[in-house]
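So the structure is just underneath, and the comments pick up after that.
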Amino acid sequence: MELRPNGPGAAALRELSRGIGTLTGLQPSLTLKAGPPILTLGSPEAARPALNELNALPLSEEAYALRIGLGSEGAEWSGSGYAVLRGGSERGLLHAVFRFLRLIGTEQDGPRELHEVESPRSVLRMIDQWDNMDGSVERGYSGGSIFYRDNRILLESERIADYARLLASVGINAISVNNVNVHREETKLIAAPLLHDVKRLADVFGSFGIRLFLSVNYAAPIELGELGTADPLDEGVRRWWKRTAEEIYAAVPEFGGFVVKADSENRPGPFTYGRDHADGANLLADALAPFGGLVLWRCFVYDCHQDWRDRSTDRARAAYDHFRPLDGRFRDNVILQIKNGPMDFQVREPVSPLFGAMPKTNHVMEFQIAQEYTGQQRDVCFLVPQWKKSLDFDTFLNGPGSTVKRIAAGEVHPLPHSGVAAVSNIGNDDNWTGHHLAQANLFGFGRLAWNPDLDAEEIAAEWSALTFGAGTPAAAFVRELLMESWPVYESYTAPLGVGWMVQPHYHYAVDVDGYEYSKWGTYHFADRNGIGVDRTLGTGTGYAGQYAAENRDLYGSPESCPDELLLFFHHVPYTHVLKSGKTVIQHIYDSRFEGAARVESWIERWRELEGGVDDERFSHILRRLEGQLENARQWRDVVNTYFYRKSGIPDEQGRNIYA
Ligand code: GCU
């Protein structure tokens, strides 16, 4: 096989020998076969039939086939055991290698027999960095940027290559390397002289089969100093973007394209010129099209200057109201990027009704791995179960079974592009993610993007075994802890889907009314009788009407609405009885007490593992759990006191509420 010296095939070879060396202490003899990219390991004679078979297999580019034969009588790699790894391309081969290494790492003795053929369900599996060139990371909870410092790209940094490896190991195939809020310095990334450095970054990621994208400033034609307008229909502006695209592709031929946050939270966009988002996105799409580039256009568009007195505006409606009427108007290389929920990465939200509602427009779902509203990588909150819930959601938009995961896999609407994207949670902390256990979220996103049918528990088990050793008590406990962590985080923070209640801007600690009288459109409307937002069709903002009839009806009445979203869709009295049989107020009290108690029990159980985990990780995780307990207690007491004072209804169990 002809390997490009810096291509993913070379990485596959390197990773396989390095990985086997580290995991087993053996130095494997690897054979590379000519023709389709194939690696064999172990006995060439025993491998031959499998080799011939896999050789003839038709595989798409990122697919792989893996055959392991260790026999039942204790054959080993050194004897008659073999493994054959085949990729649809060099990129597929790299996926096969990482899969193989995960298998060795998760099964105590490695699998004895395996025949697996896999291809990724989602075509685009993308990571978005929110890194700024001054070295800060927007909503970063793991130290500074690994990419930038003092307005320079850190090309000498080994961490960038390590990061590319890390992402490739879970199947990520695209990355955007700068914040969606594109400030002055980052605006210059699309022009010389920075393009030269961008090319070097693109090479690092390209060597692991990952395409590089940049976030761009919609007002770049003005800010880079040449034009007086960024109007998408202006000829000069169109020429400017075309020339810019030509320059980018001359410097970085494998460039992926642009990510754009326009007319969103005060960022510039087409609205300034009386144009809409289709005009805006198509301008960039036309410039990139000759080179195969893509535009990821974000739908996080809403009025961030709302008057809290105005009850007719509902932020949850905004993305759908803005974009849905534009279906059919976007170019083929535009992909809309839609946040998983209609608001903003809260601990609990319904699925965005826009997802799947534009059958003629490419779109991907955006998740946030960074735990902005879910504990900021100080509290454990394993988000895979939350993402699974979104992916499994049936939109009914093309009949029953129109689940988000099938839409994201391009199986519901035959569109050229689909997939998932997520905001990264890494920084230059030694352990990458601030909280060691937050690594499980990055790992889990990659695994789920590859195969959304995987079980959250399976992913938690896989990560725990790879990280703490297969079969160890630590791995068993961490798996359990991860699986409990999202419901527990929810149980001591904002109740029943209502969202926020956090300190403004900072978004970690509790402040029940922090956003209640703000301009951000994020209210809970608690008064002495009840709480929640009426988003029904009849009496509320009408948001529920943006769903297909099945979901509209489900959410439309407090009787049918799932408990966990009740306050997202309805304003109810504190005495309203939930499906659980409890009143809303008693649920609030109970779950806050239970959440904090659960965190306390985790600490006890973690302490029992002392000596079974290396000291560094043991004490790091212990400290984080203790911090989480403090946070949970503060949430518990503030929320309980707040609602006791509002409602005057005492706790049935007479526990301590600070009246
Ligand atoms: C959230 C977050 C911002 C971010 C924005 C976005 O509002 O707090 O920091 O810029 O999402 O997704 O664009």
Side-chain angles (χ1 to χ4, degrees), residues 126-134 136-142 144-145 175-184 186-187 213-219 258-269 271 277 280-281 295-306 315-316 318-319 322-323 335-349 352 354-355 363-377 381 383 386-387 390 420-427 445 493-494 499-509 511 514-515 518-523:
M126 182 160 187
I127 286 289
D128 289 350
Q129 296 301 131
W130 282 4
D131 295 39
N132 301 313
M133 288 191 72
D134 64 4
S136 62
V137 180
E138 177 144 344
R139 308 303 175 188
Y141 310 107
S142 330
S145 173
I175 184 168
S176 165
V177 291
N178 63 303
N179 188 2
V180 287
N181 294 312
V182 186
H183 308 295
R184 174 175 279 279
E186 297 81 11
T187 301
F213 291 68
L214 290 172
S215 293
V216 295
N217 179 346
Y218 199 79
F258 298 150
V259 175
V260 197
K261 172 174 179 174
D263 287 317
S264 163
E265 300 189 325
N266 306 315
R267 303 308 302 157
F271 285 173
H277 285 276
V295 176
L296 284 129
W297 189 269
R298 298 179 80 234
C299 298
F300 188 52
V301 177
Y302 67 98
D303 178 5
C304 64
H305 296 277
Q306 196 179 321
R315 169 169 165 180
H322 280 294
F323 284 91
I335 306 174
L336 298 184
Q337 186 162 315
I338 304 170
K339 286 194 184 189
N340 64 299
M343 299 295 274
D344 193 8
F345 301 134
Q346 298 300 290
V347 68
R348 178 78 67 171
E349 283 187 49
S352 167
L354 186 58
F355 204 81
H363 51 289
V364 296
M365 184 163 272
E366 178 178 323
F367 296 107
Q368 193 186 38
I369 310 174
Q371 292 170 237
E372 175 177 358
Y373 292 98
T374 49
Q376 303 203 347
Q377 288 145 245
C381 188
L383 291 166
Q386 191 205 51
W387 303 331
S390 298
V420 283
V423 182
S424 173
N425 66 344
I426 67 108
F445 171 74
T493 55
W500 277 271
M501 303 196 173
V502 287
Q503 281 183 10
H505 312 301
Y506 171 54
H507 299 172
Y508 176 72
D511 182 348
Y515 275 112
S518 78
K519 59 183 183 174
W520 296 95
T522 53
Y523 317 117

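Each ligand, and each atom within it, is numbered from 1 in the order the structure gives.
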- Please identify which atoms of ligand 1 are closer than 4.0 Å to at least one heavy atom of Phe300. 5 (C), 6 (C), 7 (O), 11 (O), 12 (O), 13 (O)

- Task: State the atoms of ligand 1, each with its element, that fall below the 4.0 Å cut-off from a heavy-atom position in Arg139.
- Result: 2 (C), 3 (C), 8 (O), 9 (O)

- Message: Treating Ser264 as the side-chain partner and Phe300 as the backbone partner, does any N or O pair qualify as donor plus acceptor under 3.5 Å?
- Response: yes

- Message: We want to know whether Asn340 and Gln386 form a side-chain donor-acceptor pair, criterion being a heavy-atom distance below 3.5 angstrom.
- Response: no

- Task: Could you tell me which non-hydrogen atom of Arg267 sits nearest to which non-hydrogen atom of Asn181, and how far apart they are?
- Result: CD-OD1, 3.4 Å

What is the closest protein heavy atom to [atom], and at what distance does it sit?
| atom | result |
| --- | --- |
| atom 9 (O) of ligand 1 | Glu138 OE2, 2.4 Å |
| atom 8 (O) of ligand 1 | Glu372 OE2, 2.5 Å |
| atom 13 (O) of ligand 1 | Lys261 NZ, 2.6 Å |
| atom 7 (O) of ligand 1 | Asp344 OD2, 2.7 Å |
| atom 11 (O) of ligand 1 | Lys339 NZ, 3.1 Å |
| atom 5 (C) of ligand 1 | Glu265 OE1, 3.4 Å |

- Below 3.5 angstrom, do we get any N/O pair linking Trp130 and ligand 1? no

- Message: Is it the case that ligand 1 has an N or O less than 3.5 angstrom from some N or O of Arg298?
- Response: yes

- Message: Which residues pass the ring pair (Phe, Tyr, Trp, His ring centres under 6.0 Å) test with His507, not counting sequence neighbours?
- Response: Tyr373, Tyr515

- Item | Qualifying residues under ring pair (Phe, Tyr, Trp, His ring centres under 6.0 Å), relative to Tyr508, sequence neighbours excluded | none

- Task: May I ask you to decide if the ring planes of His322 and Phe271 are parallel, tilted or perpendicular, using 30° and 60° as cut-offs?
- Result: tilted

- Which of parallel (below 30°), tilted (30 to 60°) and perpendicular (above 60°) describes Trp520 and Tyr302? tilted

